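Heads up, the thing below is written out as structure tokens.
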2 protein chains.
Amino acid sequence: MDTNLNAVPDVVILRLPLYIRALNVLLNEQKDVVSSRQLGSFLQMEPAQIRKDLSYFGRFGKQGRGYNVEFLVNELGQILGLDRKWLTCLVGMGRLGQAIINYPGFAPEGFDIVAAFDSDTRQIGTDVGGIKVLPMLSIGPTIEKRKVAIAIVAVPAQQAQSVVDQLIHAGIKGILNYAPVALKVPTDIVMRNIDPVVSLQSLTFYLLRNQQR
Amino acid sequence: MDTNLNAVPDVVILRLPLYIRALNVLLNEQKDVVSSRQLGSFLQMEPAQIRKDLSYFGRFGKQGRGYNVEFLVNELGQILGLDRKWLTCLVGMGRLGQAIINYPGFAPEGFDIVAAFDSDTRQIGTDVGGIKVLPMLSIGPTIEKRKVAIAIVAVPAQQAQSVVDQLIHAGIKGILNYAPVALKVPTDIVMRNIDPVVSLQSLTFYLLRNQQR
DNA sequence: CGATGTGAAGCAATTCACAGCT
DNA sequence: AGCTGTGAATTGCTTCACATCG
């Protein structure tokens with residue numbers, strides 16, 4: 001075993017947060033040890049895949065017993081960098097932006113929204129969820145001064161590319177994009193897209209196929 | 001070429017909506033023909049992958065020329081079942097539910113939200129975005145009577161599994177889940193999860209890895 | 001025994017490369 | 001000449017199966 005992080009397949013990284021979610025549920029249920037078989041039945045996946053995934057990073061289990069839940073959740077958190085705070089900003093304070101900034105799920109996981117931006121002059125200066133809304137022109141200086149690493153983009157599709165360009169120019173390295181467009185970013189920038197319509201549009205294929213039969 | 005829809009890999013189905021998005025942009029730009037190379041550079045992917053993906057469904061292109069944009073977007077829409085309306089309901093009318101029901105992106109793509117449910121007695125009976133909020137007990141009768149096929153779940157994590165069980169019992173076949181939990185559904189139910197925290201938690205891995213070097 | 005960790009095997013997806021059409 | 005459609009080659013991922021250990 002080698003633990004070369006560059007050799008870990010992307011799909012494996014995408015699954016780690018799901019393992020963490022499941023392990024936290026088990027922790028709440030006072031379970032202190034779990035086997036790959038139990039975790040697999042919980043997440044509806046093959047035990048072998050879980051063991052192989054974990055083996056990219058180390059030997060976390062005990063033969064004949066399984067994995068210590070608390071230990072494993074901490075190890076995985078460390079691998080993903082969840083053992084520290086990530087300064088985050090939000091661009092776009094429309095209805096979606098409002099919902100995002102008021103969503104209580106980010107902070108407990110270490111994603112602290114420390115700045116918010118909008119182009120609407122009526123929004124600028126108002127206080128939303130304890131954060132003052134700044135004008136778009138403040139994006140650069142704010143990100144640089146506060147060393148914000150992640151941006152959440154919740155602007156209309158038309159503005160998204162220009163906003164993302166500004167963010168990257170200011171030093172942002174990770175982007176969570178809610179705008180329904182395919183954005184272009186340099187290879188060293190990590191982006192995730194959240195687009196409910198795209199999700200539904202592949203879902204319907206299976207609905208169609210399942211219904212005729 | 002055979003066009004057996006059961007033989008199409010899931011990853012291919014997941015990419016079709018992205019092609020549609022891109023093609024619609026090109027349509028707006030009055031482009032009437034596009035090559036796999038152009039589309040690939042637009043979407044940052046390999047031309048061969050696009051051609052192979054499309055070849056699962058038919059021969060849509062012309063050699064030496066490329067693909068007719070309007071024709072291809074219509075074909076793909078038909079394959080995914082986007083050429084008709086999908087009756088959709090929304091469960092959970094908190095901040096997230098409000099944002100979802102007011103999001104103007106669903107209806108133009110054929111996803112009509114025709115019913116909304118909540119457990120909060122103060123919400124029930126109110127009118128949100130032209131739709132009256134019904135109590136949870138109405139889920140079954142409403143879905144059955146109106147033949148709703150898709151449900152969007154925007155309730156707290158704790159209630160999500162029970163809500164999903166009710167929806168499936170009432171005949172829902174597709175679920176777009178916003179609750180941050182791993183839900184269990186039968187194999188004939190199609191589910192998509194939207195969880196921004198999970199998205200961020202894999203993003204951070206690459207931020208960590210890129211910064212040390 | 002019971003369960004991990006892991007090479008090897010098997011399967012799936014991507015990319016190559018080129019015949020064939022326009 | 002340019003570009004599609006597609007077998008073949010390649011690359012990547014998942015699952016098997018078992019040595020090994022508690």
Side-chain angles (χ1 to χ4, degrees), chain A residues 1-16 18-19 22-23 26 31-73 75-76 79 187 202 205, chain B residues 1-16 18-19 22-23 26 31-73 75-76 79 202 205-206:
Chain A
M1 216 274 314
D2 211 322
T3 318
N4 171 11
L5 294 186
N6 292 297
V8 183
D10 291 348
V11 275
V12 173
I13 303 300
L14 291 173
R15 283 193 291 263
L16 297 189
L18 307 178
Y19 298 155
L23 292 167
L26 296 173
K31 211 158 173 9
D32 56 347
V33 174
V34 70
S35 68
S36 62
R37 173 207 284 251
Q38 294 170 311
L39 199 52
S41 95
F42 192 89
L43 288 169
Q44 322 237 60
M45 56 190 292
E46 289 297 324
Q49 181 162 75
I50 295 173
R51 295 201 301 277
K52 173 70 79 170
D53 282 1
L54 298 179
S55 78
Y56 282 104
F57 305 99
R59 304 162 60 122
F60 303 126
K62 284 211 191 354
Q63 284 161 327
R65 240 174 105 60
Y67 302 89
N68 179 290
V69 178
E70 191 174 1
F71 173 73
L72 185 56
V73 82
E75 287 291 314
L76 296 182
I79 291 163
T187 49
S202 62
F205 173 82
Chain B
M1 217 274 315
D2 210 321
T3 316
N4 171 10
L5 295 185
N6 292 297
V8 184
D10 291 349
V11 275
V12 172
I13 303 299
L14 291 173
R15 281 192 292 263
L16 297 190
L18 307 178
Y19 298 154
L23 292 167
L26 296 172
K31 212 159 173 5
D32 57 347
V33 175
V34 70
S35 68
S36 61
R37 174 207 283 253
Q38 293 170 310
L39 198 52
S41 96
F42 192 88
L43 288 169
Q44 323 237 60
M45 57 190 291
E46 289 296 324
Q49 181 161 76
I50 295 173
R51 295 201 302 276
K52 174 69 82 170
D53 282 0
L54 299 179
S55 77
Y56 283 104
F57 305 99
R59 303 162 60 120
F60 303 127
K62 285 213 188 357
Q63 286 158 326
R65 243 176 101 59
Y67 302 88
N68 179 291
V69 178
E70 192 174 0
F71 173 73
L72 185 56
V73 82
E75 288 291 315
L76 296 183
I79 290 162
S202 62
F205 174 83
Y206 297 99

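All chains are named by letter (A, B, ...) in the order of the sequence lines, taking the proteins before the strands, and each is independently numbered beginning at 1. Since the model is a prediction, treat every value here as computed from it, not as a measurement.
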Give the rounded distance in Å between these two atoms: CD1 of Ile50(A) and P of dA3(C). 14 Å
Kindly state each residue pair satisfying side-chain hydrogen bond (donor to acceptor under 3.5 Å, both in side chains) with at least one member in residues 63-73 of chain A, sequence neighbours excluded. none
To the nearest 0.5 Å, tell me how far Leu5(B) CG sits from Phe57(B) CZ. 6.5 Å
Nucleotide dT22(C), atom C1' - distance to NZ of Lys62(B) in whole Å: 9 Å
OG of Ser202(B) to CD1 of Ile13(A): how many Å apart, nearest 0.5 Å? 8.0 Å
Assuming nearest nucleotide by heavy-atom distance, tell me which of Val8(A) and Gly66(B) is located more 5' along DNA chain D. Gly66(B)
Supply the atom-to-atom distance Leu23(A) CG to Lys31(A) NZ, rounded to the nearest 0.5 angstrom. 11.0 Å
Listed partners of Leu18(B) passing side-chain contact (heavy atoms from CB on, under 4.5 Å), at least two apart: Val198(A)
Take the protein atom OH of Tyr67(A) and the nucleotide atom P of dG2(C), then report the distance between them rounded to whole Å. 17 Å
note: Arg59(A), atom CZ; dG5(C), atom C1'; distance rounded to Å ~ 6 Å
Residues in side-chain contact (heavy atoms from CB on, under 4.5 Å) contact with Phe42(B), at least two apart in sequence or another chain: Lys184(A), Ala22(B), Val25(B)
Just the rounded figure in Å: distance from P of dG5(D) to CG of Leu54(B). 7 Å
Ordered by number, residues from residues 35-43 of chain B within less than 4.0 Å of DNA chain C (heavy atoms) are none
For nucleotides 11-16 of chain C, just jot down a letter per nucleotide in 5' to 3' order: B, S or -, based on protein non-hydrogen atoms under 4.0 Å. --SSBB
Can you pull out every salt bridge (Lys or Arg N to Asp or Glu O under 4.0 Å) where at least one residue sits in residues 5-15 of chain A? Sequence neighbours excluded, please. Arg15(A)-Asp53(A)
Return each pair, listed once, that meets side-chain hydrogen bond (donor to acceptor under 3.5 Å, both in side chains) where at least one residue sits in residues 37-49 of chain A; pairs must be two or more places apart or across chains. Ser35(A)-Gln38(A)
Separation of Leu76(A) CG from Phe60(A) CZ (nearest 0.5 Å): 6.0 Å
Please state whether the base of dT22(C) and the side chain of Gln63(B) form at least one donor-acceptor pair under 3.5 Å? no
For Asn68(A) and dT4(C), give me the distance from atom CG to atom P, rounded to whole Å. 13 Å
